[in-house]
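Order of appearance sets the numbers: ligands from 1, and atoms from 1 within every ligand. As the structure is a computational prediction, the values presented were derived from the model and not from experiment. Residue numbers start at 1 and run along the sequence shown.
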Amino acid sequence: MTPAPAPTIRKALTIAGSDSGGGAGIQADLKTFQELGVYGMSVVTAVTAQNTLGVHAVYPMNEQAVQAQLQAIGDDLPPDAVKTGMLVDASIIEAAAECVVRYGWRNLVIDPVMIAKGGSALLRQEAVSTLTNKLLPLSALVTPNIPEAEELTGMSIVTLSDREEAARRLCQMGARGVLLKGGHDPSTQDLVIDMLYDGRSFRFWENKRLDTRHTHGTGCTLSAAITAGLARGLELPDAVDLAEAFIHAAIAHSLGIGAGQGPTNHFAYRSTTKQ
Ligand SMILES: Nc1ncnc2c1ncn2[C@@H]1O[C@H](COP(=O)(O)OP(=O)(O)O)[C@@H](O)[C@H]1O
Ligand SMILES: Cc1ncc(COP(=O)(O)OP(=O)(O)O)c(N)n1
């Protein structure tokens, strides 16, 4: 009997910080990749001592350690899609940008992580301009929440037309696409509205706003699910569709662990959806 052909293994890389509590960062990304059938790889930029009560300490990796991890991936395991999360400082952003160019990595999703929900800084303020100048122009998609979009564009975002203007500006700054997330918008009380702009048109995803405190790592999980979709060969709107379903299930069926703001449930999508 002829053996069945080997399945194509799709690979995704996350360049991000470690969350010891497992709800955000590298851990959330790898769980999401695994759940969506993509082989996950990681470049660790920092180790955080973190749980559902907050970020207790941050230990950045040195630049050489980050470069060595990037090179190890680039020389042997070309990813089909790449996402970035906590990038700490300008030197790490530059190392990541340099490898994206050197190895020709496509499907780059930037989650411009700046401040954890508890208020801890995950990116140095002076590194924001390096992110916009060096990494943004290489991206297929940037996924800011509203405060991050305000920081990146320098404009305040209150209305829906502000959101559209911010997305246009981010594309003018070099991003190919923008997913502006609505979790932080107080004006939509019963709904969360995420908006995709591809440089030409807008598309909206409206979901019921779930009444839960367990939303730690939602941004990481959403961007990792989009990255997994792109690695699997989906077009951007279809990858966002998949990721929206994944994050909504993960929040709706949260695990309820920890005394504070707990993680989402990365198993929920698989266990509630016919695959
Ligand atoms: N209470 C909620 N109910 C349902 N979806 C939510 C809720 N909070 C956030 N989301 C979704 O989680 C994702 C992350 O949103 P957001 O909170 O804006 O970003 P971040 O986690 O980066 O701060 C988005 O897809 C958003 O729609
Ligand atoms: C190591 C690490 N990376 C990113 C975050 C931020 O996660 P995010 O999904 O944006 O939101 P919160 O987890 O802050 O609620 C993090 N906390 N740690």
Check this for me: Y39, atom OH, are more than 12 non-hydrogen atoms of other residues, nucleotides or ligands nearer than 6.0 Å? no
Value rounded to 0.5 Å, distance of CG in L230 from CG in D238: 10.0 Å
Value for CD (Q69) from CG (L13), rounded to nearest 0.5 Å, stands at 9.5 Å
If you measure every N or O of K181 against every N or O of ligand 1, does any of those distances drop under 3.5 Å? yes
Residue, atom and distance of the protein heavy atom nearest atom 23 (O) of ligand 1 read H184 NE2, 2.7 Å
Can you sort out which atoms of ligand 1 are near K208, meaning under 4.0 Å from one of its heavy atoms? 3 (N), 4 (C)
K117, any N or O under 3.5 Å of ligand 1 N or O: yes
Looking only at distance, does K117 have an N or O less than 3.5 Å from an N or O of ligand 2? yes
Should K181 and D111 count as an ion pair when the cut-off is N to O under 4.0 Å? yes
Sub-4.0 Å atoms of ligand 2 with respect to non-hydrogen atoms of G219: 9 (O)
Compute the shortest N/O to N/O distance between M86 and ligand 2 and return yes if it is under 3.5 Å, no if not. no
Sole candidate of N51, T264, D19 that passes side-chain hydrogen bond (donor to acceptor under 3.5 Å, both in side chains) when paired with H216: D19
Worked verdict on Y103 versus I73 for side chain to side chain contact (heavy atoms under 4.5 Å, CB included): CA-CA 10 Å; Y103 294 110; I73 301 292; over 6 Å; no
Atom 1 (C) of ligand 2 has as its nearest protein heavy atom G17 O, 3.4 Å
Of the choices G54, G25, A28, which has the non-hydrogen atom that lies closest to atom 2 (C) of ligand 2? G25
E35/K31 ion pair, N-O < 4.0 Å: no
Can you find an N or O of T215 that's nearer than 3.5 Å to an N or O of ligand 1? no
With heavy atoms only and a cut-off of under 4.0 Å, state how L122 meets ligand 2: side chain, backbone, both or neither. side chain
Got more than 12 heavy atoms from elsewhere within 6.0 Å of CD, E98? yes
Of the backbone atoms (N, CA, C, O) and the side-chain heavy atoms from C-beta on, which set of A116 has a member under 4.0 Å from an atom of ligand 2: side chain, backbone, both, or neither? both
With a 4.0 Å cut-off on heavy atoms, is L222 touching ligand 1? yes
Check each of C220, S120, A16 against atom 4 (C) of ligand 2 and report the one with the nearest heavy atom. C220
Are there more than 12 heavy atoms of other residues, nucleotides or ligands under 6.0 Å from atom CZ of R176? no
Of all the atoms in ligand 1, which lie at a distance below 4.0 Å from a heavy atom belonging to D194? 24 (C), 25 (O), 26 (C), 27 (O)
Kindly assign one of parallel, tilted or perpendicular to the pair H266 and F246, based on the angle between their ring planes and the thresholds 30° and 60°. tilted
Are L179 and L108 connected, step by step, through hydrophobic side chains (Ile, Leu, Val, Met, Phe, Trp, Tyr) whose heavy atoms are closer than 4.5 Å? no
Can you sort out which atoms of ligand 1 are near R209, meaning under 4.0 Å from one of its heavy atoms? 1 (N), 3 (N)
Check ligand 1 against T218 and write out every atom of the ligand that is under 4.0 Å from a heavy-atom position of the residue. 12 (O), 14 (C), 21 (O)
For atom 12 (P) of ligand 2, state which one of K181, Q50, H216 supplies the nearest heavy atom. H216
Can you name the atoms of ligand 2, numbered from 1 with element, that are less than 4.0 Å from a heavy atom of G217? 9 (O), 11 (O), 12 (P), 13 (O), 15 (O)
Are R203 and D241 within salt-bridge range, i.e. N to O under 4.0 Å? yes
Are side-chain N/O atoms of T32 and D29 paired as donor and acceptor at under 3.5 Å? no
Backbone or side-chain N or O of G219 under 3.5 Å from ligand 1 N or O: yes
Considering both backbone and side-chain atoms of G183, is one of its nitrogen or oxygen atoms within less than 3.5 Å of a nitrogen or oxygen in ligand 1? yes
Identify the protein heavy atom lying closest to atom 1 (N) of ligand 1, giving its residue, its atom name and the separation to 0.1 Å. L210 O, 3.0 Å
Show the nearest heavy-atom pair for residues A16 and T14, with the distance to one decimal. CB-OG1, 3.5 Å
E148 touching ligand 1 at heavy-atom level, < 4.0 angstrom: no
Looking only at protein heavy atoms, what sits closest to atom 10 (N) of ligand 1 is I251 CD1, 3.7 Å
